[in-house]
Amino acid sequence: MQAPAAETALLMERLLYEVKRVVVGQDRFLERVLVALLAQGHLLVEGVPGLAKTLTIKTLACTIHGSFKRIQFTPDLVPADLVGTRIYNQKSGEFGTALGPVFANLLLADEINRAPAKVQSALLEVMQERQVTIAGETHRLPEPFVVMATQNPIETEGTYPLPEAQIDRFMMKVLVDYPTEEEEFVIAQRVTGPAVAVHAVADTLQLAALQRECRAVFCDPALMQYAVKLVSATRRPAQHGLAELAPYLSYGASPRATIGLIEGAKALALLRGRRYVLPEDMVELVPDVLRHRLVLSYEALAADITPDAVIQRILKAVPAPDKPLTSMAHD
């Protein structure tokens, strides 16, 4: 039996309150983390060091009684450092399996672009199938399981661009900016003051139930069609009256983007105490879901055109549908 939408929103509000006792500001980033958690999607976060990316995910793990692991990606990392390996036991004369740090509810892949492609590709099965295969034996990851990976936008020396296949597995890419002066003052107060104890307000079973509720949120077929049109406009812009964008786009977004828009909008609606999606829920998430999936041409790079600029042009050209059926709004 489903909990009332207001109850679900209240529980998520309590989770957010606990996290915000430690993390100052970053409201939009925190909301996106909760959207990823509810929609069972992975999150790619880009921001300079020191903006509480690690602290946020660690604090969130405490509030849901979940396990948290942090992997610092470096050039000398090997796949076994992530997923685990087989170890020979001299006493028994048999091989045993030592599972790696990916076996956690919330996994922080810190500076993911600092590890070579071989290591990054080890995450492909982890992120998509939520399992690991070691020596022919498959091990399921704990549920819920969410990867939050960080990138530093400043340094490019000693980094490896993420393969398209992997970057597409991230539901959203969120850009984290510097705090305001007022927020930074509060940050300094909290960090230099007494430590704040974070309380668990839910457990992983409750979170799994919330994820099931999220899938049951109503999304009008017109809104699903809107998601399809937005993603289609990144592949065939001329068909949507955006022929001028065609030279700037080498590749558009995959069907994962359409699914991410719909699932993300459902999660955002649930966070806001509704069991039906409104157009604004989807519109808000479009930049986060699409920005990392667009492959721009050299012409676009030469003209200093960003993925976000392309997305804004698409949003203006593809109109959002009317509100969903009023009968759903009164459920």
Arg274 NZ/CZ over Tyr276 ring centroid, <6.0 Å and within 45° of normal:
yes

Arg28 and Val174: CA distance, side-chain angles, deciding distance, side-chain contact (heavy atoms from CB on, under 4.5 Å) verdict
CA-CA 9 Å; Arg28 190 173 160 279; Val174 181; 4.0 Å; yes

Heavy-atom side-chain proximity of His139 to Thr97 below 4.5 angstrom
yes

Can you tell me how far CD of Glu46 sits from CG of Asp177, rounded to the nearest 0.5 angstrom?
11.5 Å

Is Asn105 reaching over with its side chain to a backbone N or O of Ser67, donor-acceptor style, under 3.5 angstrom?
yes

Check whether any side-chain N or O of His42 sits under 3.5 Å from a backbone N or O of Arg169 as a donor-acceptor pair, and report yes or no.
no

Donor-acceptor pair, Thr63 side chain versus Val201 backbone, under 3.5 Å?
no

Shortest non-hydrogen contact from Gly260 toward Met171:
O-CE, 3.3 Å

Pairing of Glu31 and Arg272 as salt bridge, 4.0 angstrom limit
yes

Which atom of Ile112 lies closest to which atom of Phe170, heavy atoms considered
CD1-CZ, 4.1 Å

Side-chain H-bond candidate by donor/acceptor type, Gln72 with Arg70, under 3.5 Å
yes

Please assess Thr59 against Glu18 for the test side-chain contact (heavy atoms from CB on, under 4.5 Å), listing each intermediate value before the final yes or no.
CA-CA 8 Å; Thr59 308; Glu18 281 299 316; 6.0 Å; no

Under 6.0 Å from the NZ atom of Lys229, do we count more than 12 heavy atoms belonging to anything else shown?
no

A quick test of your reading: do over 12 heavy atoms of other residues, nucleotides or ligands sit less than 6.0 Å from CD of Glu143?
no

Answer yes or no: are there more than 12 heavy-atom neighbours, outside Lys173 itself, under 6.0 Å from its atom NZ?
yes

Donor + acceptor pair across side chains of Thr74, Arg114 (<3.5 Å)
no

Going hydrophobic residue to hydrophobic residue with side-chain gaps under 4.5 angstrom, can you get from Val228 over to Val277?
no

Stepwise side-chain contact (heavy atoms from CB on, under 4.5 Å) check, Val119 with Phe73:
CA-CA 9 Å; Val119 176; Phe73 278 60; 4.0 Å; yes

I'd like to check Leu270 versus Leu268 (side-chain heavy atoms, cut-off strictly below 4.5 Å). Are they in contact?
no

Could you tell me if the side chain of Leu106 sits less than 4.5 Å from the side chain of Leu37, heavy atoms only?
yes

Under 3.5 Å: donor-acceptor pair, side chain of Asp281, backbone of Leu278
yes

With a sphere of 6.0 Å drawn around CG of Asp304, does it hold more than 12 non-hydrogen atoms of other residues, nucleotides or ligands?
no

Is there side-chain contact between Gln211 and Pro144, with heavy atoms separated by less than 4.5 Å?
yes

My understanding is that a hydrophobic cluster links ILVMFWY residues whose side chain heavy atoms are under 4.5 Å apart, including indirect links. Using that, what else belongs to the cluster containing Leu301?
Tyr298

Do any N or O atoms from the side chain of Gln120 and from the backbone of Ala115 form a donor-acceptor pair under 3.5 angstrom?
yes

Looking only at heavy atoms, what is the nearest atom pair of Leu230 and Leu315, with distance?
CD2-CD2, 4.0 Å

Treat each ILVMFWY residue as a node, draw an edge where side-chain heavy atoms are under 4.5 Å apart, and state whether Leu99 and Ile71 are in one component.
yes

Taking it one step at a time, do Leu245 and Val310 satisfy side-chain contact (heavy atoms from CB on, under 4.5 Å)?
CA-CA 7 Å; Leu245 289 184; Val310 171; 4.1 Å; yes

By side chain to side chain contact (heavy atoms under 4.5 Å, CB included), Pro247 pairs with (sequence neighbours left out) Glu299

If you link I, L, V, M, F, W and Y whenever their side-chain heavy atoms are under 4.5 Å apart, who else ends up in the same group as Val295?
Tyr251

How about Ser232 and His240: does a side-chain donor come under 3.5 Å of a side-chain acceptor?
yes

Distance check, rounded to the nearest 0.5 Å: Thr306 atom OG1 versus Tyr248 atom OH?
12.0 Å

Using the side chain to side chain contact (heavy atoms under 4.5 Å, CB included) criterion, which residues pair with Ala227? Sequence neighbours excluded.
Thr258, Leu261, Ile262, Met282

With a sphere of 6.0 Å drawn around CD of Gln189, does it hold more than 12 non-hydrogen atoms of other residues, nucleotides or ligands?
yes

Report the C-alpha distance between Glu263 and Lys266 in whole Å, list the side-chain angles of each, state the deciding distance to 0.1 Å, and finish with yes or no for salt bridge (Lys or Arg N to Asp or Glu O under 4.0 Å).
CA-CA 5 Å; Glu263 290 186 336; Lys266 285 183 174 187; over 6 Å; no

Atom of Thr56, atom of Phe29 and distance for their closest heavy-atom approach:
OG1-CE2, 3.7 Å

Say whether Leu296 and Val286 are linked into one hydrophobic cluster, either directly or through other cluster members, by side-chain heavy-atom distances under 4.5 angstrom.
yes

Is any side-chain N of the basic residue among Arg32 and Asp27 closer than 4.0 Å to the acidic one's carboxylate O?
no

Just to verify, what does Glu244 make a side chain to side chain contact (heavy atoms under 4.5 Å, CB included) with, not counting sequence neighbours?
Leu242, Arg313

Are Val186 and Glu183 packed together at the side-chain level, in the sense that at least one heavy-atom pair is separated by less than 4.5 angstrom?
no

Are Phe103 and Leu77 joined in one hydrophobic group, where the rule is that I, L, V, M, F, W and Y side chains link up if heavy atoms are under 4.5 Å apart?
yes

What closest approach, in Å, do Ala265 and Leu285 show between heavy atoms, and which atom pair accounts for it?
N-CD1, 3.4 Å

Can you find a heavy atom in the side chain of Arg291 that is under 4.5 Å from one in the side chain of Met172?
no

Just how far is it from atom CD of Gln206 to atom CG of Leu15, taken to the nearest 0.5 Å?
9.0 Å

Separation between CG (Leu108) and CE (Met148), nearest 0.5 Å, reads 5.0 Å

On a heavy-atom basis, which atom in Val318 and which in Tyr226 lie closest, and how many Å separate them?
O-CE1, 3.5 Å

Tell me every residue that passes side chain to side chain contact (heavy atoms under 4.5 Å, CB included) with Asp168, counting only those two or more places apart in sequence or in another chain.
Ser254, Arg256, Arg293

Heavy-atom side-chain contact between Leu34 and Leu60 under 4.5 Å:
yes

Give, for atom CG of Leu82 and atom OG1 of Thr85, the distance between the pair rounded to the nearest 0.5 Å.
12.0 Å

Ile305 reachable from Ile314 in the ILVMFWY side-chain graph, under 4.5 Å edges
yes

Could you tell me the separation between the CG atom of Leu207 and the CD1 atom of Ile64, rounded to the nearest 0.5 Å?
5.0 Å

Is any side-chain heavy atom of Arg14 closer than 4.5 Å to one of His199?
no

